[in-house]
Amino acid sequence: MKLPAPPTEKSFPSPLHHPRVATVIGRWLAVAVTICFLTGLYSHFTQDTPSWLPIPSRPASLYRVTQGLHVLSGTVAVPLLLAKLWTVYPKLFAKPPWPPSRQALATMLERASILVLVSAMALELLIGFLNTLQWYPWPFPFRQTHYALAWIIVGALLVHLAVKLPLIRANWRRTDEKVPDSLPPAITGLTRRGLFRTVAGAATLVGITSVGQSAPAFGPVAVLAPRKPNIGPQGLPVNRTAEAAGVTGIDENWRFMIMGPQQLFYTLDELRALPQSRSELPIACVEGWSQGARWEGIRIRDLLELSGAPVHSRVRVVSMEKGGFYATSELPPDFAADPLTLLALRLNGGELALDHGFPARIIAPNRPGVLQTKWVHRLEVIA
Amino acid sequence: MKTRIVLAVAGVGVGLWGLWLLLGALELPALIRLPIWLGGAVVADDFILVPLTVGVGWLVTRWSAGPDRHRTVGAVRTTLLYVGITSLIAVPLLLRQGKGVNPTVLPRDYLRDWLLLEAMIILGGAAGYFFTLRRSRASSGDIGGR
């Protein structure tokens with residue numbers, strides 16, 4: 001028996017495997033990747049702020065928008081990447097260059113760069129999406145890998161652009177669409193414009209059915225999103241429950257502590273007796289979901305003044321949480337001084353639920369949820 | 001040419017920076033297993049998902065050669081594609097349904113919602129199908145109906 005011959009570049013008759021199609025879909029994908037990369041960098045730096053980079057505390061909802069865009073652009077990139085791979089698929093079966101020459105070497109290098117680009121981007125989108133489900137079935141740390149792969153993708157993409165630049169330039173504007181002789185377009189059906197519409201439609205459909213985790217107006221149709229913004233205690237989702245954090249509540253000996261120029265101790269009732277302020281601020285998580293909420297509590301700047309520290313102080317926030325990366329966080333001076341930043345005691349009209357950080361938590365503008373430390377029992381003025 | 005050289009050099013630099021970050025952040029066992037996952041991602045795309053699309057596209061094109069079908073093939077193809085892409089994204093949600101780390105993760109009935117979504121897409125596709133069929137029949141004494 002003779003095996004069928006493997007496909008070659010010529011085995012794919014569709015005229016849509018064309019550089020013009022690759023250029024157009026590539027542009028869309030490039031927009032998604034750029035948004036995803038920049039918002040991802042921003043998220044990385046808000047969590048891991050280098051000293052040379054001041055992150056402002058306003059606009060209050062900035063992180064909500066950037067991280068919502070990050071997850072949205074990544075999700076929408078899935079259909080775009082598949083469409084792009086489909087368009088250039090015949091290239092996968094192009095004959096390897098032989099015999100060895102300079103040209104052959106260049107071709108091999110180019111193919112290697114595309115292997116890096118495709119593998120890194122496909123894995124990046126997969127682990128990014130699964131992270132929004134908080135599902136980590138792989139044997140490497142998510143955050144570091146996701147961050148490093150992002151740089152590798154951008155690097156490989158720049159190399160790819162360098163290689164393809166003449167082709168991209170030649171196809172930047174509409175080129176003649178050749179209609180194949182064998183099948184009239186009425187039968188193959190799909191013109192380039194038709195393909196672009198279909199792909200754009202697929203990306204839009206995926207976007208609309210997932211953006212509702214960050215834009216509550218779309219919550220009811222967010223059937224492809226792992227979160228519904230209004231589900232959870234007090235109408236707010238939870239990332240880390242009290243049980244997962246090993247926090248069970250407080251007894252009558254509990255004291256809230258401020259370690260500044262003066263050391264101050266408060267019972268919960270004494271905290272409640274201090275002047276209370278209100279903030280309307282979202283919880284915006286790195287997984288992309290977010291939800292606005294009404295918070296009541298004591299301004300951090302007021303607490304700093306009570307302890308005799310300047311309002312623009314750097315403050316370490318210590319949680320009762322057992323271990324974990326985020327048992328402590330730091331409020332940079334701008335965030336500590338912002339009048340919206342609270343040691344919150346109440347949420348949406350009721351006492352904080354234990355899963356939302358009872359008895360007290362930090363809520364600050366323009367911060368990722370992981371830094372809105374819960375179950376706070378100590379503030380330390382560090383500078 | 002100059003632009004291309006600048007792009008290529010910048011790309012290699014940025015990529016090496018990413019590699020450096022990776023080597024610094026990951027322990028050896030993770031570094032050994034990462035390429036397996038990267039390879040798996042390529043296999044999933046280039047040897048499963050895209051061939052599946054190519055194959056279905058080929059079948060649809062063959063089917064569309066039948067009488068009158070060129071009028072409605074667009075609706076069929078778009079419906080299949082939308083069902084495919086939304087189902088692909090739904091797979092992890094369906095697999096993890098009920099296994100969220102807490103009740104606010106994956107709070108929906110994803111099986112029901114996925115079936116509803118696909119039903120809507122198919123209904124929309126069917127509406128498009130009958131609409132184009134009627135319109136092209138009404139307007140065509142011609143043969144091609146374009």
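Numbered from 1 within each chain, the chains take letters A, B, ... in sequence-line order. Source: prediction; values computed, not measured.
Looking at A:A244, neither its backbone nor its side chain comes within 4.5 Å of chain B, counting heavy atoms on both sides. Neither the backbone nor the side chain of A:V116 comes within contact range of chain B; no heavy atoms are under 4.5 Å apart. Residue contact with chain A, scored on non-hydrogen atoms closer than 4.5 Å, is absent for B:L16. Contact annotation for A:V206: only side-chain heavy atoms (C-beta onward) come within less than 4.5 Å of a heavy atom of chain B. Heavy atoms of B:I36 lying under 4.5 Å from chain A are absent altogether. Interface remark: A:I231 contributes backbone and side-chain atoms alike to the contact with chain B (heavy atom separation under 4.5 Å). Looking at A:D355, there are no atoms closer than 4.5 Å to chain B (heavy atoms on both sides), in backbone or side chain. Contacts between B:V54 and chain A at a heavy-atom distance below 4.5 Å involve backbone atoms as well as side-chain atoms. Only the side chain of A:L92 comes within less than 4.5 Å of a heavy atom of chain B; its backbone N, CA, C and O stay farther away.
Scanning both residues, B:A25 and A:Q144, for their nearest heavy atoms gives CB-CB, 3.5 Å. Considering every non-hydrogen atom in both A:G201 and B:Y82, the closest pair reads CA-OH, 3.0 Å. Scanning all heavy atoms of the two residues, the minimum distance from A:L82 to B:I85 falls at CD1-CD1, 3.9 Å. The shortest heavy-atom contact between B:L7 and A:A162 is CB-CB, 3.7 Å. B:P92 and A:L130 make their closest contact through CB-CD2, 3.5 Å (heavy atoms, listed as atom of the first residue, atom of the second, distance). The minimum heavy-atom distance between B:G18 and A:A148, with the atom names listed, is O-CB, 3.5 Å.
Between the side chain of B:R4 and the main chain of A:K164, no donor-acceptor pair closer than 3.5 Å is present.
In this structure, A:W135 CH2 and B:L106 CG are separated by 10.0 Å, a value rounded to the nearest 0.5 Å. Distance CD/A:E243 to CG/B:N102: 10.0 Å, rounded to 0.5 Å.
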For A:T198 and B:R77: C-alpha separation, side-chain torsions, deciding distance, then whether side-chain contact (heavy atoms from CB on, under 4.5 Å) applies.
CA-CA 9 Å; A:T198 311; B:R77 180 167 27 214; 5.8 Å; no
Determine whether A:Y147 and B:L21 satisfy the following criterion, side-chain contact (heavy atoms from CB on, under 4.5 Å), listing intermediate values before the conclusion.
CA-CA 8 Å; A:Y147 181 61; B:L21 287 172; 3.6 Å; yes
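Donor-acceptor pairing under 3.5 Å is recorded for the side chains of B:T104 and A:R227.
Highest contact tally toward chain B, considering only A:S14, A:P226, A:P237, is held by A:P226 [criterion: heavy-atom pairs under 4.5 Å]. Interface check for chain B: of the options A:L133, A:L81, A:V199, the most heavy-atom pairs under 4.5 Å are formed by A:L133. When each of A:L224, A:V159, A:T241, A:L157 is checked for heavy-atom pairs under 4.5 Å with chain B, A:L224 comes out on top.
Residue A:R143 places its CZ atom among more than 12 non-hydrogen atoms of other residues, nucleotides or ligands, all under 6.0 Å distant.
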